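Structure first, then comments.
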There are 2 protein chains.
Amino acid sequence: MPRPRQFDDHDAVRKAIEVFRRQGYHGTSTRDLGAAMGLNPSSLYRAYGDKHALFLRALDSYQTVQDEATGEITSSSDSVRSALRRWLVHMITEEQDHAWGCLMVNTAAELGAEDSPTRERVHAAFDGNVTVIADLLEKAVAEGEITREIDVHGWSELLFTTVAGLRVRDRAGQPLERLTAAVDTALDAIWGR
Amino acid sequence: MPRPRQFDDHDAVRKAIEVFRRQGYHGTSTRDLGAAMGLNPSSLYRAYGDKHALFLRALDSYQTVQDEATGEITSSSDSVRSALRRWLVHMITEEQDHAWGCLMVNTAAELGAEDSPTRERVHAAFDGNVTVIADLLEKAVAEGEITREIDVHGWSELLFTTVAGLRVRDRAGQPLERLTAAVDTALDAIWGR
DNA sequence: CTTGTTCGGGAGCGATCGCTCCCTATCTCG
DNA sequence: CGAGATAGGGAGCGATCGCTCCCGAACAAG
């Protein structure tokens with residue numbers, strides 16, 4: 001019965017993610033969003049509610065894409081070490097030209113823990129990454145890649161903390177070589193040089 | 001000749017730092033700043049220029065205080081390991097009640113590398129911390145605390161990346177125990193358990 | 001085709017933004 | 001004390017903020 005919308009929801013949210021990543025939540029106006037998404041104010045508000053709701057929508061969509069990429073990268077058939085390295089380096093090289101950082105990390109730093117729905121999504125994303133790392137380390141132990149005993153819990157926390165730090169430093173414009181040096185030092189500490 | 005100002009510059013900037021840490025740059029209005037600093041708009045603008053200049057002033061003052069605290073903590077007479085641990089834990093426990101994160105890390109995540117004067121200050125602060133860590137590790141090697149060979153450059157990058165990640169996770173509201181687990185795993189990797 | 005519903009477009013709401021001006025008060029110095 | 005200069009206070013500037021309303025257009029169902 002209704003007239004169908006003339007814009008693609010998925011593309012529009014992708015554009016919103018892009019703007020929020022670059023400019024942050026408070027640095028992005030609804031006019032910025034409308035311009036990037038190709039929507040006038042009324043269409044934007046009818047389709048997505050308000051700015052905050054669209055932001056949550058962007059967080060969810062962003063994390064879905066992130067999780068898919070994580071799954072593809074970490075489910076390869078070669079060694080856990082190389083899969084983990086590929087994943088860690090991917091975190092700081094997914095965008096070729098611009099370093100926009102991670103929307104979840106940027107959001108955590110900008111908004112902190114004040115806003116509940118935001119905090120929940122940030123925690124879910126962070127804890128999901130810790131679990132991915134823990135699963136990889138367990139797999140490395142099971143497959144005999146790591147010979148000596150390893151504190152999987154401690155290393156999962158440390159490696160994820162490293163991921164968060166890498167994405168901040170990447171966004172700050174620090175050179176890739178220094179960030180990969182950190183990555184390789186961590187991997188050397190687990191697997192040996 | 002002129003009438004002296006009735007507010008304390010140092011205290012006022014400290015208040016500005018507090019607000020910027022909590023709310024970020026774009027999330028803070030000049031009225032927020034004026035209210036926190038006890039200044040009406042005209043006094044604020046005459047004394048500090050505009051919002052951006054006050055922000056740079058806050059960044060500089062913040063880093064000065066941070067560097068002083070770092071010097072005090074890391075120049076103790078006991079082992080390098082315990083000094084380094086105290087410093088790392090201090091990063092996530094300096095505020096008792098609220099987790100406002102690090103102004104430099106928050107700024108890096110919110111504003112990225114777009115604004116030059118901001119980026120320069122963030123880089124100076126980051127690189128200063130990397131140097132502090134490198135000096136501590138060199139000292140540990142020199143004093144025989146670390147027996148096996150260690151890649152000081154790689155570990156400096158990794159430990160500072162960890163610091164950045166810790167402060168993001170702290171601001172996001174993640175529990176202290178998980179963050180200290182990351183810290184201790186890193187220290188164990190260098191010094192042994 | 002008619003009807004019903006949502007669409008895209010645009011004007012514009014009240015509130016707040018960063019910031020400036022003007023006025024008087026208060027201080028230092030000759 | 002008089003002169004000079006900057007202080008604090010407050011009104012308010014134009015611009016932009018998040019958001020709403022109204023409009024004719026476009027499409028699905030009967």
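When reading the values below, keep in mind they use all heavy atoms of this one structure, side chains included, and skip hydrogens, waters and symmetry mates. Small disclaimer: the values here were computed from a predicted structure and weren't measured. Chain letters run A, B, ... following the sequence lines, proteins first and then strands; every chain starts at 1.
As rounded to whole Å, 13 Å separates atom P of D:dG18 from atom CZ of A:F55. Computed from coordinates, the B:H26 NE2 to D:dC17 P distance equals 11 Å when rounded to whole Å. For the pair B:L44 CG and C:dC17 C1', the computed distance is 14 Å after rounding to whole Å. Atom-to-atom, CG of B:N40 to C1' of C:dC22 comes out at 13 Å; the value is rounded to the nearest Å. For the pair A:L39 CG and C:dC7 P, the computed distance is 11 Å after rounding to whole Å. Rounded to whole angstrom, the span from the CG atom of A:L33 across to the C1' atom of D:dC19 amounts to 13 Å. Going from atom CG of B:D8 over to atom P of D:dA7 covers 15 Å, rounded to whole Å. For the pair A:D50 CG and C:dC13 P, the computed distance is 22 Å after rounding to whole Å.
For the pair B:S29 and C:dC17, the criterion of a side-chain N or O lying under 4.0 Å from OP1 or OP2 is met. Within the 4.0 Å cut-off from OP1 or OP2 of C:dT20, not a single side-chain nitrogen or oxygen of B:Y45 is found.
A salt bridge links A:D78 with A:R86: the distance from a Lys NZ or Arg NE/NH1/NH2 to an Asp or Glu carboxylate oxygen falls below 4.0 Å. In summary, B:R14 and B:D8 do not engage in a salt bridge, as defined by a charged side-chain N under 4.0 Å from a carboxylate O. A salt bridge does not link B:R193 with B:D184: every distance from a Lys NZ or Arg NE/NH1/NH2 to an Asp or Glu carboxylate oxygen is 4.0 Å or more. With respect to the salt-bridge test (charged N to carboxylate O, under 4.0 angstrom), the residues A:K15 and A:D32 do not qualify.
Listed nucleotides C:dG8, D:dG18, C:dT6 differ in distance to A:P2; the shortest reach to its side chain belongs to C:dT6. Closest approach to the B:R31 side chain among C:dG8, D:dT20, C:dC19 is made by C:dC19 (side chain taken as heavy atoms from C-beta onward). Candidate nucleotides D:dC27, C:dG18, C:dG8 were compared by shortest atom distance to the side chain of B:K51, and C:dG18 ranks first.
Taking a 6.0 Å sphere around NZ of B:K51, one finds it holds more than 12 heavy atoms contributed by other residues, nucleotides or ligands. Residue-environment remark: CD (B:E95) exceeds the threshold of 12 foreign heavy atoms within 6.0 Å. Counting non-hydrogen atoms of other residues, nucleotides and ligands closer than 6.0 Å to CD of A:E145 gives a total above 12.
Take the nearest nucleotide of DNA chain C for B:P4 and for B:D32: the residue whose nucleotide is more 5' is B:D32. Nucleotides of DNA chain C nearest to A:G38 and B:T28 differ in position, and the one nearer the 5' end is that of A:G38. Each of A:G49 and B:Q6 was matched to the nucleotide of DNA chain D holding its nearest heavy atom; the match closer to the 5' end belongs to B:Q6.
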Could you list the protein-to-nucleotides 22-24 of chain D atom pairs, N/O on both sides, closer than 3.5 Å?
none

